[in-house]
4 protein chains.
Amino acid sequence: MKKNKPKYKLIIDAAVEVIAENGYHASQVSKIAKKAGVADGTIYLYFKNKEDILVSVFEEKMGQFIEQIATAIDQKSNANEKLLTLIEMHFSQLAKDHHLAIVTQLELRQSNIDLRLQINKVLKPYLMVIDSIINEGIEQNIFRDDLNKKLVRQMIFGTLDETVTNWVMKEEKYELVSLAPSVHALITNGLSTR
Amino acid sequence: MKKNKPKYKLIIDAAVEVIAENGYHASQVSKIAKKAGVADGTIYLYFKNKEDILVSVFEEKMGQFIEQIATAIDQKSNANEKLLTLIEMHFSQLAKDHHLAIVTQLELRQSNIDLRLQINKVLKPYLMVIDSIINEGIEQNIFRDDLNKKLVRQMIFGTLDETVTNWVMKEEKYELVSLAPSVHALITNGLSTR
Amino acid sequence: MKKNKPKYKLIIDAAVEVIAENGYHASQVSKIAKKAGVADGTIYLYFKNKEDILVSVFEEKMGQFIEQIATAIDQKSNANEKLLTLIEMHFSQLAKDHHLAIVTQLELRQSNIDLRLQINKVLKPYLMVIDSIINEGIEQNIFRDDLNKKLVRQMIFGTLDETVTNWVMKEEKYELVSLAPSVHALITNGLSTR
Amino acid sequence: MKKNKPKYKLIIDAAVEVIAENGYHASQVSKIAKKAGVADGTIYLYFKNKEDILVSVFEEKMGQFIEQIATAIDQKSNANEKLLTLIEMHFSQLAKDHHLAIVTQLELRQSNIDLRLQINKVLKPYLMVIDSIINEGIEQNIFRDDLNKKLVRQMIFGTLDETVTNWVMKEEKYELVSLAPSVHALITNGLSTR
DNA sequence: CATGAATGAGGGTTCATTCAT
DNA sequence: TATGAATGAACCCTCATTCAT
């Protein structure tokens, strides 16, 4: 299994750094190889082609991202707390990894549509985690049962994503994680006065 | 003013078509020139460079987009109706222009970060329309006054954007505009039971 | 018609020189462009790709080659004289163009099989000229009528080709054209004593 | 002597197969190693470099080729029979080894000139066999004594080679060996009526 | 003897932009 | 204004060869 070899991780991490520092389109394979401390050709012992590096970056990082969130959520017993935890974790993980935040929010979006579709596949498990919280909230009678669930998921993900992207584009000048309770309140209670 | 010359619009419209049909990265200047019926060099009499074409596409189309929405909103008297109208207009304008939807939701996002920052500038007036609705809602005591307004705007825009992108990626298989009331309800009332 | 533009011929001639001087595999497009005095990209305004340059070289040069031979043969009235003329012309044209001789006898043979098949197509008209001489000789009762005509053609072409290749490989140290009568005698009379 | 070790022959035979199946340019050392059942590095214990493999292939196969012909010729007493036998053997040995025919007639010709010169060296003994038949024929007064002997050899070899190449390129659709008497007649008697 | 992971040099092609007409 | 032929910089990937084990 190639994924367990040390150079695999070396290259993945180098790719994140190089993309964050140079931008998506200026990230040559040779730069990644140099940063990883391997020869150009070595890259191709571990990855089919450049696109495969990028998809793998997303898979690896997103895999950890989701796992962390899923673990944290399991320790909460109701949907409201789970949703808050998801928001906090989503924010905190990106807040603590500057490079990763830039890569996921800005750089990887410049990829062509084929690559974007592959990235969407990787994102699927995360969307399913959101879905499960929604379902649980409805079962627990915490969330309304007249919701279009798919729309709810889109609202939650769209809000988090837009919030993080704004934060990254503002060069992370403010505290992201501290916004979590407000975002949670907005999503659960909406704008309206009662 | 170059923007009023007939070839200016010819090139802008050709650009939208070419990008929608070929995708961002396969949209060469020469293709746009051919579709517009002008020589390659002529493009550079109206636009500084390729990036300038793309920004101008966004400016032109977004200008109309926002104007339509602003006009429709002016005829509504309270923030709730205005918000619903904004959502309906946002959806309906993209639903009725297939090419534009693909270009704004998928293709232009592949541009590099400099271009994205310019696009964000163009988006500013739209975000200000959203802001004014939020402010009005708070003044009218329809929206809560303890909200982080910037977050609210990010939630609204993020939700709409994510919803439209999902719809485009699902190849516009379902009715987008009919989702407007549900989206409006979600945003105003949130997920929670009362 | 691109073939009449001056740069087309410029590139063709540069290609012959570069291949003759550097060898088939060391003939980069950039070298050909430099020798032709044009930019690398200009090559691709006149040729689809590198292979297209090579096929075109062969087409152009072989076209002239065959035309010269055909014209010379037309002025002879019997098959024996025509055959001798063909041999003389075949030898003399390659003898007077050092670069062309190297390219056709040594370098272009290193091409892959697809290109070789295309080269064979270009060679077809030459083989047909040989065939017509054979037929005429038989009609004139100068050549025997019990011959396998295809074999005869292969003998003639094979003999000429092998003779020229040997001459080129020996670095053209001896007079090629003066061998023509002997080659002609060999082909017409064979090895045997009577 | 490395040539007697079992892996030496294993690699030679693997090379012929790989070249015949994949073509000269797609025949990587790693493919040959795999087919031979050895590690890539092992190849370099038996051969200096890739070119050395190819020359060795030619040496091995050509050695057997010539030996077979020489043995067969020794049993004939006059030059005419010897020449016919040489033609028959040349054709029959290639006709019965499909891979070898493709490799010698098509694939190995794609090699660069250095390699071709080495191949020519390997061919030398074969050309000397032809030369000896020519000399014998002249001594026996079967062949004319006014011949340019080198040209005769080129005619014979060129004719055989061109005939076999045509046959391989036509995908061996007809019987090659049965052409031998006609080829022999052509070479000995020429085209002319008497 | 044998392995196979690692190396790193090398080139065809695209396309935004220019400028002489 | 308008043209379009010409420019030339920039990069992914393959594969023969090596060498530590």
Side-chain angles (χ1 to χ4, degrees), chain A residues 2 5-8 10-11 25-34 36-53, chain B residues 2 5-8 11 25-34 36-54, chain C residues 2 5-8 10-11 25-34 36-54, chain D residues 2 5-8 25-34 36-54:
Chain A
K2 288 195 165 157
K5 304 236 177 129
K7 298 209 172 166
Y8 181 86
L10 223 49
I11 294 166
H25 286 113
S27 293
Q28 299 93 330
V29 172
S30 59
K31 265 185 197 157
I32 297 174
K34 193 170 209 173
V38 301
D40 290 15
T42 305
I43 300 266
Y44 293 88
L45 297 176
Y46 295 89
F47 302 91
K48 263 205 324 289
N49 49 34
K50 186 178 179 180
E51 184 169 313
D52 189 28
I53 307 177
Chain B
K2 283 191 173 163
K5 302 252 174 113
K7 293 201 177 170
Y8 180 86
I11 294 166
H25 285 111
S27 294
Q28 299 90 337
V29 173
S30 59
K31 259 188 202 157
I32 297 173
K34 191 169 209 176
V38 301
D40 291 15
T42 305
I43 299 265
Y44 291 86
L45 300 174
Y46 294 90
F47 300 91
K48 262 206 329 286
N49 49 34
K50 186 179 179 181
E51 184 169 312
D52 190 26
I53 307 175
L54 301 174
Chain C
K2 285 193 168 157
K5 302 236 177 131
K7 297 207 173 168
Y8 180 86
L10 223 50
I11 294 166
H25 286 112
S27 292
Q28 300 93 332
V29 171
S30 60
K31 265 186 198 156
I32 297 174
K34 194 170 208 174
V38 301
D40 291 15
T42 304
I43 299 266
Y44 291 87
L45 297 175
Y46 295 90
F47 301 91
K48 269 205 321 289
N49 50 35
K50 187 178 179 182
E51 183 169 314
D52 190 28
I53 307 176
L54 302 174
Chain D
K2 282 188 173 164
K5 302 251 175 118
K7 291 199 179 172
Y8 180 86
H25 286 111
S27 293
Q28 300 89 336
V29 172
S30 59
K31 261 187 201 156
I32 297 174
K34 193 170 206 173
V38 302
D40 291 15
T42 304
I43 299 266
Y44 291 86
L45 299 174
Y46 294 90
F47 301 91
K48 261 206 329 288
N49 50 32
K50 187 180 179 179
E51 187 170 310
D52 189 27
I53 307 175
L54 301 174

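Since we're looking at a predicted model, the values are computed, not measured. Residue numbers begin at 1 in each chain, while the letters A, B, ... track the order of the sequences. Just so it is clear, the values below take in all heavy atoms, side chains as well, and ignore hydrogens, waters and symmetry mates.
- Legend: residues meeting side chain to side chain contact (heavy atoms under 4.5 Å, CB included) with A:Ala39, ordered by chain and number and at least two apart, are A:Thr42.
- When base pairs are accepted only as Watson-Crick or G-U wobble with both N-N or N-O distances under 3.5 Å, DNA chain E takes part in stems of 3 or more pairs at E:2-21 with F:2-21.
- Here the closest non-hydrogen pair linking B:Ile43 and B:Ile32 is CD1-CG2, 4.2 Å.
- Here the shortest heavy-atom pairing between B:Asp40 and B:Ala33 reads OD1-CB, 3.5 Å.
- Partners of A:Asp52 under the side chain to side chain contact (heavy atoms under 4.5 Å, CB included) rule, at least two apart in sequence or in another chain, are A:Phe47, A:Lys48, A:Asn49, A:Ser56.
- With sequence neighbours left out, B:Gln28 forms a side-chain hydrogen bond (donor to acceptor under 3.5 Å, both in side chains) with B:Lys31.
- Remark on DNA chain F: of its neighbouring residues B:Ala39 and C:Gly37, the 5'-side contact belongs to B:Ala39, judged by nearest-heavy-atom nucleotide.
- Residues satisfying the side chain to side chain contact (heavy atoms under 4.5 Å, CB included) test with D:Lys50, not counting sequence neighbours, are D:Val29.
- At whole-Å resolution of the value, CD1 in C:Ile32 and C1' in E:dT13 are 14 Å apart.
- For the pair B:Ile43 and A:Thr42, both in contact range of DNA chain F, the more 5′-proximal nearest nucleotide belongs to B:Ile43.
- C:Lys34 places its NZ atom 17 Å from the C1' atom of E:dG12, with the value rounded to the nearest Å.
- Contact annotation for D:Lys7: backbone-only contact, meaning every heavy-atom pair under 4.0 Å involves sugar-phosphate atoms and none involves a base.
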Distances under 3.5 Å between protein N/O atoms and the N/O atoms of nucleotides 9-11 of chain E, please, pair by pair.
{"unit_1": "E:dG11", "atom_1": "OP1", "unit_2": "C:Gln28", "atom_2": "NE2", "d": "2.7"}
{"unit_1": "E:dG11", "atom_1": "OP2", "unit_2": "C:Gln28", "atom_2": "NE2", "d": "3.4"}

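- Taking a heavy-atom distance under 4.0 Å as the criterion, the stretch of DNA chain F touched by chain C extends 5' to 3' from F:dA6 to F:dG8.
- To the nearest 0.5 Å, the span separating OG on B:Ser27 from CG on B:Leu54 amounts to 8.0 Å.
- Atom OH in C:Tyr44 sits 6.0 Å away from atom CD1 in C:Ile53 (nearest 0.5 Å).
- Contact between the side-chain N/O atoms of D:Tyr46 and the OP1/OP2 oxygens of E:dA2 is found at a separation under 4.0 Å.
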